[in-house]
2 protein chains.
Amino acid sequence: MTSTIKDVAALAGFSIATVSRAINAPHTVSPATLQTIRTAIDTLQFRPSPLGRQLRGERTRLVGVVVPTLSNPVFADCLQGIDELATAAGFKLILMTTEYDAARERHAIETLREQRVEGLILTVADADTHPLLDMLDRDGPHYVLMHNDTQRRPSVSVDNRRAAYDGVRLLTARGHRRVLMLAGSLAASDRARQRHLGYAQALEESGVATLPPVEVDFNAPELPDAVLAHLTAQATRPTALFCSNDLLAMVVMRGLRRAGFSIPDDLSVLGFDGIAIGELLAPPLASVATPNRDIGRHAWQRLVECIGGATIERTSLILPHVVRDGATVAPPATDLQLRKA
Amino acid sequence: MTSTIKDVAALAGFSIATVSRAINAPHTVSPATLQTIRTAIDTLQFRPSPLGRQLRGERTRLVGVVVPTLSNPVFADCLQGIDELATAAGFKLILMTTEYDAARERHAIETLREQRVEGLILTVADADTHPLLDMLDRDGPHYVLMHNDTQRRPSVSVDNRRAAYDGVRLLTARGHRRVLMLAGSLAASDRARQRHLGYAQALEESGVATLPPVEVDFNAPELPDAVLAHLTAQATRPTALFCSNDLLAMVVMRGLRRAGFSIPDDLSVLGFDGIAIGELLAPPLASVATPNRDIGRHAWQRLVECIGGATIERTSLILPHVVRDGATVAPPATDLQLRKA
DNA sequence: CTGAAAGCGCTAACAT
DNA sequence: ATGTTAGCGCTTTCAG
């Protein structure tokens, strides 16, 4: 392993230049020489160091990936999609997580630039107002956003507004009128805003007043009592909940069940993300499913195009979402039934 | 960003050596000079390229992580644990997945070595018989295994045999006698073998015959009919299932429910891994929980010790597991109850 | 077809 | 305190 091109050259009896050519342009070397050198390479188990190449200004074959967390399968799935294609293309992935923290986003991007990555695939909290992205636009490297909902920058996502709209329409179509939206603590994110817009629009079309969204820290082990109280107060009790992500939906459902409520009999629940595990729940979780792995794949493809020198498209690629029906959603209980319960 | 140490030197009016010192050993440079150089660095937005340093034989501050997949939260959690500490220590992580494929394991390790990673953290299918690990022992870089159950190599895991034993004892303590073990398609892995040993031992102590393990592809969308039939055949019907991982447990439970069986009334189910999502299920999944994030953290710490030149300990670090009781496990139905159902 | 040499960005002797 | 220089592993002119 610790053998260098010099060792090969010495063993084969040629100059390092010839060895280099034998590796990178075999046809420019005489067959006999090629043979000798290849033998030397094999016996020494020589593998050219990417560092030398990189330093020469060659491609590093390195791509940075920046996501908020891997605890959420949404991002693990995206990463999986990227990894499939990147590995096949001979690229290496450097991974950094941010925990939705701006300082860490900044640190990750800087670190990755130092490493001379050829491109960046990232999910940030708020794409439109992100100063570092402007810097990337100017100085490179190329980047593609995942899940960020913006028109101004290269990105791959779903139409969050529309997806939320379609999801909430499922609820209103079932007869729900009092629908509450629950958002994670990342309420500041661009996609959270879009989802809320879609939610509001759907309710509006049903002539229903939009209830104020409730913010929940879905990393907390338990659903806070205050939130639980809010969800179940008799006077204003919603008949359905629209959770801005599946993990949140699961935490909320558990909290409600512990408090003695039944889903969907007492309360319908709709998630967002469509993580695979949701389908394995009992009852299966209804959710607005985003094609996470495909988002990762497409992000990779767009990045490769950019790196390849294609005209840099500032446009966002919108992938289709699917409203996945599930047994956590049912028609609302009638007042009579409610009273009985 | 394309500015180099030369640019800084030129702008500041000093040699590149002085600039290098200003960065790496500020105290060896006069305050005035330092000031000038720092200003130049700021205006040029200069950040030293790790490539030059690396080539100089300096530390790359790169660590490779190799896991089978990120679709299984077990590994995503490990990675999360590693990432926390690695980022804090100023290291960068290069991630590669293998999908349990030997060829990909090989490719990943080679690629990472080429990148001159300072260390490797990995989960392989079978650690004891892995030839590449022998090579790493000889030529470096240092590595630490996660989850692999071996005495011969540096590793961090739980005692899989004991953990499975403790889990199955939970079942026998509840009165179960016919306990079937379900294993993923990775039945060849070292930990799968250990888990089966523990399972067998627990049953033996109850004086019960060990049933042959059933292999299930838990990546399949549906539980195959043949497997379902096996699990529910009246004659040999088990009263409890021990699944070698939680994802598998969830797939199996869904299949059983669709076939009209109730859990835990008709059949108890115990998982393995203790992924966080299991606790959110209804009913919460009983599982032998492994401290995945801690496994990642400890793996990191051991790796750092090795890199730091500590005596290379070939020993495995065993972390405690926890048998997490859950409502998917109940006493077996009596024959009477069964007949009723 | 092959070799000599320069240089990528940086650090570390060795000089001054 | 600062500058000069060699060289890390490699690719790539430019000459033979």
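Just so you know, these numbers come straight off a predicted model, no measurement behind them. Below, read A as the first sequence line, B as the second, and so on, with proteins coming before strands; counting in each chain starts at 1. Hydrogens, waters and symmetry mates are skipped; everything else that's a heavy atom, side chains included, is used.
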Going by salt bridge (charged side-chain N to carboxylate O under 4.0 Å, His left out), name the pairs with one or both residues in residues 70-83 of chain B, residues two or more places apart or in two chains.
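Found A:Arg104-B:Asp83.
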
Does the A:Thr60 side chain pair with the main chain of A:Arg116, one donor and one acceptor, at a distance under 3.5 Å?
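Yes, the answer is positive, given that a donor and an acceptor are paired below the 3.5 Å cut-off.
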
Whole-Å distance between [N] [atom2] and [X] [atom1]?
X	N	atom1	atom2	value
A:Asp7	D:dC8	CG	C1'	13 Å
A:Arg47	D:dC10	CZ	C1'	15 Å
B:Gln115	D:dC10	CD	P	13 Å
B:Phe14	D:dT2	CZ	P	6 Å

With a 3.5 Å cut-off and no angle check, do the side chains of [X] and [Y] form a donor-acceptor pair?
X	Y	result
B:Asn292	B:His147	yes
B:Asp128	B:Thr150	yes
B:Thr36	B:Thr33	no
B:Thr18	B:Ser15	yes

Testing the basics here: between B:Arg297 and B:Asp294, what is the closest heavy-atom pair and its distance to 0.1 Å?
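Residues B:Arg297 and B:Asp294, closest heavy atoms: NH1-OD1, 2.7 Å.
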
Go through the structure and list residues passing side-chain hydrogen bond (donor to acceptor under 3.5 Å, both in side chains) with B:Ser20, not counting sequence neighbours.
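B:Asn24.
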
Contacts of B:Asn160 that satisfy side-chain hydrogen bond (donor to acceptor under 3.5 Å, both in side chains) - sequence neighbours left out
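With sequence neighbours excluded, B:Asn160 shows a side-chain hydrogen bond (donor to acceptor under 3.5 Å, both in side chains) to B:Asp149, B:Arg195, given in chain and number order.
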
Among residues 15-30 of chain A, which residues get a heavy atom nearer than 4.0 Å to DNA chain C?
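Close to the strand are A:Ser15, A:Ala17, A:Thr18, A:Arg21, A:Thr28, A:Val29, A:Ser30.
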
Check whether any side-chain heavy atom of B:Leu122 lies under 4.5 Å from a side-chain heavy atom of B:Val67, and answer yes or no.
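In short, these two side chains do not touch, never coming nearer than 4.5 Å.
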
For A:Phe46 and for B:Gly13, find the nucleotide of DNA chain D with the closest heavy atom, then tell me which residue's nucleotide is more 5'.
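It is B:Gly13 whose nearest nucleotide is closer to the 5' end.
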
End-to-end bend of the helix from C:dC1-D:dG16 to C:dT16-D:dA1 (five-pair axes, 10° rounding)?
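End-to-end axis angle: 50°.
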
Under 4.0 Å between a side-chain nitrogen and a carboxylate oxygen: does that hold for A:Asp134 and A:Arg153?
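Here A:Asp134 pairs with A:Arg153 in a salt bridge, since their nearest N and O are under 4.0 Å apart.
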
Hey, is the side chain of A:Arg53 poking within less than 4.0 Å of OP1 or OP2 on D:dT11, counting only N and O atoms?
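Yes, within the criterion.
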
Provide the start and end nucleotides, 5' to 3', of the part of DNA chain C that has atoms under 4.0 Å from heavy atoms of chain A.
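Nucleotide range with atoms under 4.0 Å of chain A: C:dC1 to C:dG9.
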
Quick one: label B:Pro50 by what it contacts on the DNA or RNA (base, sugar-phosphate, nothing), any heavy atom closer than 4.0 Å.
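Here B:Pro50 touches no strand at all.
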
